[in-house]
Amino acid sequence: MLAIDISLSYPGFKLDFAQHIKVDGITGILGHSGSGKTSLLRIISGLNDDADGQITFSDQVIQDDSTFIAADKRQIGFVFQDARLFPHLNVEQNLAFALKRSRNKGLSLATISKLTKIDALLTRSVDKLSAGEKQRVALARALLSAPKLLLLDEPLSSLDNKSRGEMITLLKDIHQQLSLPMLYVSHSVAEIQQLADDVLVMEQGKVIQMGHVHQVINQLDQSIASSFSQQTSLSLKVQQHLINFGLTQLALIDNNSHDQQGRKQHINLFSNVINQPLGSFTRAYVMASDISITLDKSENSSINNIIAGNISEIRRLSRNLALVYVDVLSNRFAVNISRYSVEKLNLQIGSEVYIQFKASAIRHL
């Protein structure tokens with residue numbers, strides 16, 4: 001458990017953070033620039049000693065009115081937004097320098113290099129590395145200190161989509177293999193959706209939402225939801241690959257209800273091909289702007305995903321737009337439509353409707 005009760009004031013900004021965070025998985029911290037995310041990580045790591053209050057990590061007080069454990073003694077690793085490698089040293093020399101300064105004995109340099117997939121980069125000059133390669137080296141350097149907690153401050157912000165996907169897969173693997181808890185800061189809902197188990201949402205130095213990743217993303221607080229692209233976050237089971245048609249069949253499973261045979265209820269969905277094994281679960285999302293609502297289910301449509309649900313909420317977003325929430329099994333889909341359509345279809349809370357979206361609308365990072 002990471003127990004934090006701190007405050008920090010700068011001209012024009014104040015951070016007030018009082019939370020208990022269960023650090024056994026990956027916790028995402030979502031928020032816009034200036035919301036206090038980076039300041040929070042710097043305080044937890046010991047890089048900022050200006051904050052007032054107390055931090056307890058694994059039953060040890062690492063900071064309070066009379067105690068301040070230095071950053072290099074906290075056993076907390078940090079991966080920055082920029083890799084911060086020494087440009088005059090090659091990759092192996094950067095890692096050897098970090099290992100020499102480490103107070104904790106953990107995995108060997110060779111093991112960490114293999115784990116982070118940088119074996120082929122060890123003799124490479126830092127200035128010859130891509131942005132993605134630099135971040136993998138920075139990750140390896142942080143792991144060499146044998147941390148009990150890893151902090152990551154928007155480490156993918158400078159990467160392209162391919163490199164971002166590879167890095168997220170790598171972080172998941174490292175978390176599982178080392179049982180290493182992580183706090184992952186980002187302003188990208190898609191990154192948080194793919195990586196985190198639980199999420200904190202910060203705004204103006206305060207936590208305004210906290211909970212499971214799907215719950216938080218699907219119910220982003222109204223005060224900031226309009227600033228992010230509204231979407232529905234889902235966990236889907238890979239059922240079968242229809243390779244000849246370029247599709248994968250997925251199951252949206254309801255863990256809270258069962259059929260007469262005692263099986264969990266589910267709905268089949270179709271997406272573009274997902275390269276994951278049968279039976280595995282994948283995280284995906286559907287943008288609110290990619291979903292439409294109809295009162296009748298068409299049996300003759302090119303749209304592959306047409307599913308029944310009930311309207312649970314209707315919000316007015318602007319003069320012309322509305323956000324409609326439709327409950328399907330135990331999931332809540334967000335749908336952006338015009339206010340004209342709301343009136344034309346006479347949509348009301350409790351209305352039985354169908355939502356529909358193409359296979360290509362089910363997205364991954």
query = Is a side-chain N or O of S163 found less than 3.5 angstrom from the main chain of D160, in a donor-acceptor match?
reply = no
inquiry  = Keeping T232 on the side-chain end and A334 on the backbone end, is there a donor-acceptor pair under 3.5 Å?
reply    = yes
key: Charged N-O contact under 4.0 Å between E133 and R124   = yes
query = Do L234 and L278 sit in the same hydrophobic cluster, where Ile, Leu, Val, Met, Phe, Trp and Tyr count as joined when their side-chain heavy atoms come under 4.5 Å apart?
reply = yes
With a cut-off of 3.5 Å and sequence neighbours excluded, list every side-chain donor-acceptor pair involving residues 76-85.
{"unit_1": "Q81", "atom_1": "NE2", "unit_2": "S157", "atom_2": "OG", "d": "3.0"}
{"unit_1": "D82", "atom_1": "OD1", "unit_2": "R84", "atom_2": "NE", "d": "3.2"}

query = Heavy-atom distance under 4.5 Å between the side chains of L178 and L143, does that happen here?
reply = yes
Crowding at CZ, F13 (>12 non-hydrogen neighbours, <6.0 Å) = yes
query = Is the number of heavy atoms from other residues, nucleotides or ligands under 6.0 Å of Q93 CD greater than 12?
reply = yes
CD1-CE distance between I362 and M287, expressed to the nearest 0.5 angstrom = 14.0 Å
task = Would you check, one step at a time, whether the test side-chain contact (heavy atoms from CB on, under 4.5 Å) holds for L139 with L150?
result = CA-CA 9 Å; L139 176 61; L150 185 63; 3.7 Å; yes
Heavy-atom check, side chain of V324 versus side chain of V353, under 4.5 Å = no
task = Would you check if the side chain of S298 reaches a backbone N or O of N300 as a donor-acceptor pair within less than 3.5 Å?
result = yes
Stepwise side-chain contact (heavy atoms from CB on, under 4.5 Å) test for F86 and V126 = CA-CA 8 Å; F86 293 117; V126 167; over 6 Å; no
remark   = In short, R339 meets S318 closest at the heavy-atom pair CD-O, 3.3 Å
inquiry  = Within the 4.5 Å heavy-atom criterion, are L30 and V216 side-chain neighbours or not?
reply    = no
message = Measuring from atom OG1 of T116 to atom CZ of R136, what distance do you get when rounded to the nearest 0.5 angstrom?
response = 7.5 Å
message = Please give me the minimum heavy-atom distance between E191 and L156, naming the atom from each residue.
response = OE2-CB, 3.6 Å
inquiry  = With a sphere of 6.0 Å drawn around CG of D127, does it hold more than 12 non-hydrogen atoms of other residues, nucleotides or ligands?
reply    = yes
task = Kindly say whether P155 contributes a backbone atom to a donor-acceptor pair with the side chain of Q135 at under 3.5 angstrom?
result = yes
inquiry  = As an exercise, state the distance from CG of L195 to CD1 of I168, rounded to the nearest 0.5 Å.
reply    = 5.5 Å
message = Could you tell me if the side chain of I44 sits less than 4.5 Å from the side chain of F57, heavy atoms only?
response = no
task = Identify the heavy atoms of R164 and S188 that sit nearest to each other, and give their distance.
result = NH2-OG, 3.5 Å
key: Smallest separation among heavy atoms of K14 and S9, with atom names   = CG-OG, 3.6 Å
ask   = Are the side chain of K37 and the backbone N or O of G31 linked by a donor-acceptor pair below 3.5 Å?
value = yes
inquiry  = Does any part of the side chain of Y285, heavy atoms only, come nearer than 4.5 Å to the side chain of I217, both counted from C-beta?
reply    = no
query = Short question: side chain of T169, backbone of G165 - any donor-acceptor pair under 3.5 Å?
reply = yes
task = Give, for atom CZ of F245 and atom CZ of F270, the distance between the pair rounded to the nearest 0.5 Å.
result = 10.0 Å
ask   = Does the side chain of Q19 reach to within under 4.5 Å of the side chain of I4, using non-hydrogen atoms?
value = no
inquiry  = If hydrophobic clusters are built from ILVMFWY residues whose side chains come within less than 4.5 Å, do I306 and V335 share one?
reply    = no
ask   = Roughly how far, to the nearest 0.5 Å, is CG of D5 from CG of D16?
value = 9.0 Å
request  = For I349 and S312, work out which heavy atoms get closest and say how close.
outcome  = CG2-O, 3.9 Å
key: F17/I43 under side-chain contact (heavy atoms from CB on, under 4.5 Å): CA gap, chis, key distance, verdict   = CA-CA 11 Å; F17 193 97; I43 292 168; over 6 Å; no
inquiry  = Do I307 and L295 land in one hydrophobic cluster if side-chain heavy atoms of ILVMFWY residues count as linked below 4.5 Å?
reply    = yes
task = May I ask whether I314 and I293 are part of the same hydrophobic cluster, defined by side-chain heavy atoms of I, L, V, M, F, W, Y residues being less than 4.5 angstrom apart, directly or through others?
result = yes
ask   = Going through the checks in order, is the side chain to side chain donor-acceptor pair (under 3.5 Å) test met by D254 and S330?
value = CA-CA 6 Å; D254 186 354; S330 57; 3.0 Å; yes
Side chain N94, main chain L89, donor-acceptor under 3.5 Å = yes
ask   = Any side-chain heavy atom of L95 sitting closer than 4.5 Å to one from L122?
value = yes
key: Side chain H266, main chain L252, donor-acceptor under 3.5 Å   = no
query = Are V61 and I21 grouped together when hydrophobic residues (ILVMFWY) are joined by side-chain heavy atoms under 4.5 angstrom apart?
reply = no
Run the side-chain donor-acceptor check on residues 236-243: report pairs under 3.5 Å with partners two or more places apart or on a different chain.
{"unit_1": "Q240", "atom_1": "NE2", "unit_2": "Q249", "atom_2": "OE1", "d": "2.8"}
{"unit_1": "H241", "atom_1": "ND1", "unit_2": "T248", "atom_2": "OG1", "d": "3.0"}
{"unit_1": "H241", "atom_1": "NE2", "unit_2": "Q276", "atom_2": "O", "d": "2.8"}

inquiry  = Contact between D50 and Y10 at the side-chain level, heavy atoms closer than 4.5 Å - yes or no?
reply    = yes
request  = Work out which heavy atom in I192 is nearest to a heavy atom in G28; give both atom names and the distance.
outcome  = CD1-CA, 3.7 Å
inquiry  = Counting only heavy atoms not in K22 (residues, nucleotides, ligands), do more than 12 fall under 6.0 Å from its NZ?
reply    = no
ask   = Should L2 and I55 be marked as a side-chain contact (heavy atoms from CB on, under 4.5 Å) after you check the CA-CA gap, both sets of side-chain angles, and the distance that decides it?
value = CA-CA 7 Å; L2 180 64; I55 303 176; 4.0 Å; yes
request  = With rounding to the nearest 0.5 Å, note down the distance linking NE2 in H364 to CD1 in I274.
outcome  = 3.0 Å
message = Taking the basic N atoms (NZ, or NE/NH1/NH2) and the acidic carboxylate oxygens, is any pair closer than 4.0 Å for D119 and K114?
response = no
message = Using a 3.5 Å distance criterion without hydrogens, assess whether the side chain of N218 forms a donor-acceptor pair with backbone atoms of H214.
response = yes
query = When you look at CZ of F68, are more than 12 heavy atoms from neighbouring residues, nucleotides or ligands closer to it than 6.0 Å?
reply = yes
message = What I want to find out is whether D197 reaches R283 closely enough, with some N-O distance under 4.0 Å, to be called a salt bridge.
response = yes
task = Answer yes or no: is there a donor N or O on one side and an acceptor on the other, between the side chain of Q209 and the main chain of Q219, under 3.5 Å?
result = yes
